[in-house]
Trainee: 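Take this structure first; my questions come after.
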Amino acid sequence: TFRDHLPAGDVPYFDRAPDVVLEVASRFDRWIDLRNNVQEWLDSGAQLVWLATPSAREVTIYQRGKRPRTVGEADILDGEDVLPGFSVEVSRLFPRGPNRDRRCR
């Protein structure tokens with residue numbers, strides 16, 4: 001579980017999983033490991049898990065009891081009912097060209 005990755009000792013503010021998790025796939029990750037991570041977050045209580053795949057320039061959205069859905073760079077990623085008011089163009093998550101180092105604002 002996510003608690004296995006916490007430092008030793010009492011960390012009282014980590015008594016449950018975060019509501020929203022962003023998992024970023026690298027080219028070295030195995031798809032089965034990523035899917036297991038997503039399922040572990042959901043089983044631990046996360047309400048919304050975003051799996052970003054930079055190589056495909058897309059984000060797959062996971063919520064317990066719902067089918068996963070994928071949004072591409074022409075779409076908007078929003079916080080749904082878990083993070084109301086949050087939205088970002090997926091294309092801003094995966095910048096191209098000389099300004100690649102610019103962070104999402």
Side-chain angles (χ1 to χ4, degrees):
T1 69
F2 73 96
R3 289 179 180 88
D4 297 334
H5 301 284
L6 296 176
D10 187 27
V11 186
Y13 51 88
F14 279 114
D15 61 346
R16 66 182 182 88
D19 291 336
V20 180
V21 174
L22 171 62
E23 181 91 24
V24 180
S26 80
R27 61 184 178 163
F28 304 108
D29 287 321
R30 295 182 326 154
W31 188 249
I32 188 70
D33 293 334
L34 292 167
R35 292 277 296 153
N36 287 341
N37 288 351
V38 166
Q39 191 59 53
E40 189 173 317
W41 282 116
L42 292 171
D43 290 346
S44 295
Q47 297 178 44
L48 181 63
V49 180
W50 294 326
L51 175 58
T53 310
S55 61
R57 302 178 65 77
E58 64 186 23
V59 177
T60 303
I61 302 159
Y62 297 88
Q63 286 184 286
R64 178 177 289 171
K66 294 185 180 181
R67 295 190 74 129
R69 63 185 179 90
T70 301
V71 292
E73 62 184 327
D75 299 315
I76 301 291
L77 179 65
D78 68 58
E80 308 197 18
D81 59 341
V82 180
L83 196 60
F86 174 85
S87 68
V88 64
E89 297 169 5
V90 175
S91 62
R92 294 197 60 190
L93 301 175
F94 309 110
R96 296 182 189 260
N99 294 326
R100 287 186 355 197
D101 295 331
R102 227 178 41 206
R103 300 285 183 242
C104 180
R105 296 178 193 165

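FYI, side chains are in, hydrogens and waters are out, and symmetry mates aren't considered; it's all heavy atoms of this structure.
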Trainee: Where do Ala17 and Ser44 come nearest, in terms of heavy atoms and distance?
Mentor: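 Taking Ala17 first and Ser44 second, the nearest heavy atoms are CB-O, 3.5 Å.
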
Trainee: Less than 4.5 Å apart, side chain to side chain, heavy atoms only: is that true for Leu93 and Glu73?
Mentor: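 Not touching, per the 4.5 Å side-chain cut-off.
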
Trainee: So which pairs with a foot in residues 25-38 pass salt bridge (Lys or Arg N to Asp or Glu O under 4.0 Å), sequence neighbours left out?
Mentor: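 Of all non-adjacent pairs touching residues 25-38, those that pass salt bridge (Lys or Arg N to Asp or Glu O under 4.0 Å) are Arg30-Asp33.
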
Trainee: Does the side chain of Phe94 come within less than 4.5 Å of Val59's, by heavy atoms?
Mentor: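 Side chain of Val59 against side chain of Phe94, heavy atoms only: contact under 4.5 Å found.
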
Trainee: About how many Å separate CH2 of Trp50 and OG1 of Thr70, when rounded to the nearest 0.5 Å?
Mentor: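 So the gap between those two atoms works out to 14.0 Å.
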
Trainee: Under 3.5 Å, side-chain donor or acceptor atoms of residues 74-84 against the rest of the protein: list the pairs with distances, not counting sequence neighbours.
Mentor:
from  : atom 1 : to    : atom 2 : distance (Å)
Asp75 : OD2    : Gly72 : N      : 2.8
Asp78 : OD1    : Glu80 : N      : 2.7
Glu80 : OE2    : Arg69 : NH2    : 2.6

Trainee: Between atom CG of Asn37 and atom CD of Glu23, what is the distance when rounded to the nearest 0.5 Å?
Mentor: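 So the CG of Asn37 and the CD of Glu23 are separated by 4.5 Å.
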
Trainee: With side chain to side chain contact (heavy atoms under 4.5 Å, CB included) as the test, pick out the partner of Val21 among Val49, Val38, Leu48.
Mentor: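 Single side chain to side chain contact (heavy atoms under 4.5 Å, CB included) partner of Val21 among Val49, Val38, Leu48: Val49.
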
Trainee: Which heavy atom in Gln47 sits nearest to a heavy atom in Gln63, and how many Å separate them?
Mentor: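 Where Gln47 meets Gln63 most closely, the heavy atoms are O-CG, 3.3 Å.
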
Trainee: Taking the side chain as every heavy atom from C-beta outward, state whether Trp31 and Leu51 have any pair of such atoms under 4.5 Å apart.
Mentor: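 The answer is yes, as the side chains (C-beta and beyond) meet within the 4.5 Å cut-off.
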
